[in-house]
2 protein chains.
Amino acid sequence: MRPYTVGKLMSLINRIGQRELAEALKPHGIGGGGQHSYLKAILANPGMNQDKLTGEVKLDKATTTRCIQQLEDAGYVMRTVDTEDRRSYRLYPTERAIAFEPVLQSILDAYNRRLTSNLSSREVEALHALLHKVYAGLDA
Amino acid sequence: MRPYTVGKLMSLINRIGQRELAEALKPHGIGGGGQHSYLKAILANPGMNQDKLTGEVKLDKATTTRCIQQLEDAGYVMRTVDTEDRRSYRLYPTERAIAFEPVLQSILDAYNRRLTSNLSSREVEALHALLHKVYAGLDA
DNA sequence: CGCATGTGGTTGCGGATGCAACTAATCCAT
DNA sequence: ATGGATTAGTTGCATCCGCAACCACATGCG
C-alpha cells in the first residue's frame with residue numbers, strides 16, 4: 001500500500017515545489033534554485049563573504065558564484081572587495097533588496113504554507129522534527 | 001541561527017540523497033535522476049509505452065525519452081514498435097535487467113534505510129504518512 | 001475519403017547544480 | 001623572506017530536467 005518510497009516522495013514534492021516557488025519569484029527578477037536562499041542569508045547577515053554564504057546555504061561554491069552574479073545583475077546585491085583579504089568579497093543587500101525583504105518573506109511563507117496546506121499545525125511540527133532528524137543523519 | 005524551513009529541509013535532503021543514490025547506481029551503468037524509477041516501472045510492468053511510463057514516474061515525457069535511451073544503451077531495456085499503434089513503443093526489460101532487479105532493489109532499499117537511519121520504525125511510518133499528505137496537497 | 005484534431009515520441013533550448021581545474025591572494029614553515 | 005600549502009572565487013564541463021516546438025501516426029467528423 002505504499003506506492004512511493006520516502007525518497008521518491010521527497011523527490012516529487014521537491015520538484016513540484018521548486019518549480020512553483022521559482023514561478024512566484026520570477027516577477028521580481030529572482031531566478032529559481034537557491035537564489036532566494038542566498039538573498040535571505042545576505043539580508044540576515046550583511047558583509048558575509050561567499051565562502052561563508054556557501055556554508056549557510058549548503059550549495060556548491062560554483063553555484064554561489066553564479067547566484068550572486070544574478071542577484072547582483074538584478075540589483076539586489078552589491079559586492080565590495082574585502083580590504084583585509086583581497087581574495088574575498090563582502091556581500092551587502094541593496095536598498096532594493098531591503099525594501100523587498102518583506103515581500104520575499106511573504107512569498108517564502110506562502111510557499112511553506114502551501115507545502116503543508118494538508119497538514120494540521122501539529123502535523124507540521126512533527127514533519128519538521130522528522131525532517132530535521134533525517135537531515136542530521138545525512139549530514140553526518 | 002534560524003532553523004531551516006520544511007521546504008529547505010526537503011531540498012537539502014533531496015539533493016544530498018540523489019547524489020548518493022546516483023553514486024551507488026553508477027557502477028551498474030545506470031545514471032542518476034529518474035533512471036532507476038523508469039527501470040523499476042518497466043520491470044514491474046513489461047510492455048508499457050513511454051506515455052504510461054511518464055505518468056507512473058511523474059516526470060516529463062522528454063525526460064522519459066532520454067532516460068529510456070540511456071537504459072537502452074546500457075542494455076537494460078528493449079523497445080519494439082507497437083504493431084497496434086506504430087507511433088508508440090513497447091518497453092521490455094532485457095535479461096540483464098531481470099538479473100539486475102534484486103540488486104537494484106537492494107540499492108534502493110539501502111538508500112531509503114540510509115535516509116531514515118536516524119528514525120525509529122514508528123517515525124518512518126509517520127514521515128511516510130505525512131509526506132503522502134503533502135504530496136496529495138500539491139498534486140491537487 | 002480528406003482534412004482537422006489528438007496523441008506518442010523526439011529534439012532544441014534554457015536553467016540549475018556539482019565536480020574539477022584553474023587563478024589570485026594569503027598563510028605557514030623553514 | 002621564500003616556496004609550498006591553503007583558501008576565495010571563477011570557469012569549463014557534464015548531467016538532469018521542464019517547456020515548447022515539432023514530426024509521424026491515428027482518429028474522428030463531415
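All values derive from a computational prediction rather than experimental measurement.
Rounded to a whole Å, the CD atom of B:Q70 is 9 Å from the C1' atom of D:dT15. Rounded to an integer number of Å, the gap from B:Q69 CD to D:dT15 C1' is 16 Å. If you measure from atom NZ of B:K26 to atom C1' of D:dC16, you get 13 Å, rounded to the nearest angstrom. For the pair A:L71 CG and D:dG9 P, the computed distance is 15 Å after rounding to whole Å. Between the CE atom of A:M48 and the C1' atom of D:dA8 there is a distance of 15 Å, given to the nearest Å. For A:R86 and D:dG9, the CZ to C1' distance is 15 Å, given to the nearest whole Å.
A heavy atom lying under 4.0 Å from DNA chain D marks the following residues of residues 34-45 of chain B, by number: B:G34.
For B:D109, the side-chain hydrogen bond (donor to acceptor under 3.5 Å, both in side chains) partners at least two apart in sequence or on another chain are B:Q105. For the salt bridge (charged side-chain N to carboxylate O under 4.0 Å, His left out) test, no residue two or more places apart in sequence or in another chain qualifies with B:K40. In terms of the salt bridge (charged side-chain N to carboxylate O under 4.0 Å, His left out) criterion, residue partners of A:K133 (sequence neighbours excluded) are, by chain and number, B:E123. Applying the salt bridge (charged side-chain N to carboxylate O under 4.0 Å, His left out) test to B:R66 and every residue at least two apart in sequence or in another chain returns nothing.
A pairwise comparison of heavy atoms in A:A97 and A:L39 identifies CB-CD1, 4.1 Å as the closest pair. Here the shortest heavy-atom pairing between A:G33 and A:Q18 reads O-OE1, 4.4 Å.
With a 4.5 Å cut-off on side-chain heavy atoms, A:T116 and A:N112 do not count as touching. Contact annotation: the side chain of B:N14 never approaches that of A:I13 to less than 4.5 Å [non-hydrogen atoms, C-beta and beyond]. At a threshold of 4.5 Å between non-hydrogen side-chain atoms, the residues A:L21 and A:I107 count as touching.
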Please output the side-chain donor-acceptor pairs of residues 50-59 of chain B that fall under 3.5 Å, not counting sequence neighbours, one pair per line with the distance.
{"unit_1": "B:Q50", "atom_1": "OE1", "unit_2": "B:R79", "atom_2": "NH1", "d": "2.7"}
{"unit_1": "B:T54", "atom_1": "OG1", "unit_2": "B:Q50", "atom_2": "O", "d": "2.8"}
{"unit_1": "B:T54", "atom_1": "OG1", "unit_2": "B:T64", "atom_2": "OG1", "d": "2.7"}

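For the salt bridge (charged side-chain N to carboxylate O under 4.0 Å, His left out) condition, the pairs that include at least one residue of residues 81-94 of chain B, sequence neighbours left out, are B:D82-B:R90, B:D85-B:R87. The ring-ring contact (aromatic ring centres under 6.0 Å, His included) contacts involving residues 71-110 of chain A comprise A:H28-A:F100, A:Y76-A:F100, where partners must be two or more places apart or lie in separate chains. Pairs of residues two or more places apart, or lying in two chains, that qualify as salt bridge (charged side-chain N to carboxylate O under 4.0 Å, His left out) and include a residue from residues 12-34 of chain A are A:E20-A:R114.
Within 4.0 Å (heavy atoms only), A:D82 reaches no atom of the nucleic acid at all.
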Next item on the list: List the steps and the verdict of side chain to side chain contact (heavy atoms under 4.5 Å, CB included) for A:Y111 and A:L115.
Entry: CA-CA 6 Å; A:Y111 168 64; A:L115 271 190; 3.7 Å; yes
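Think of the region where chain B sits on DNA chain C: with heavy atoms and a 4.0 Å cut, that region ends 5' and 3' at C:dG6 to C:dC19.
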Next item on the list: Any chance you could list the contact pattern along nucleotides 1-7 of chain D? Use B for base contacts, S for sugar-phosphate-only contacts and - for none, protein heavy atoms under 4.0 Å, 5' to 3'.
Entry: ------B
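Closest-nucleotide positions on DNA chain C for A:E84 and B:T65 were compared, and the one nearer the 5' end corresponds to B:T65.
In this model, the phosphate group of D:dT10 is approached by a side-chain N or O of A:R79 to a distance below 4.0 Å at OP1 or OP2.
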Polar pairs (N or O, both sides) under 3.5 Å between protein and nucleotides 18-22 of chain D?
{"unit_1": "D:dG18", "atom_1": "OP1", "unit_2": "A:R15", "atom_2": "NH1", "d": "2.9"}
{"unit_1": "D:dG18", "atom_1": "OP2", "unit_2": "B:D60", "atom_2": "N", "d": "2.9"}
{"unit_1": "D:dG18", "atom_1": "OP2", "unit_2": "B:T63", "atom_2": "OG1", "d": "2.9"}
{"unit_1": "D:dG18", "atom_1": "O6", "unit_2": "B:R66", "atom_2": "NH1", "d": "3.2"}
{"unit_1": "D:dG18", "atom_1": "O6", "unit_2": "B:R66", "atom_2": "NH2", "d": "3.0"}

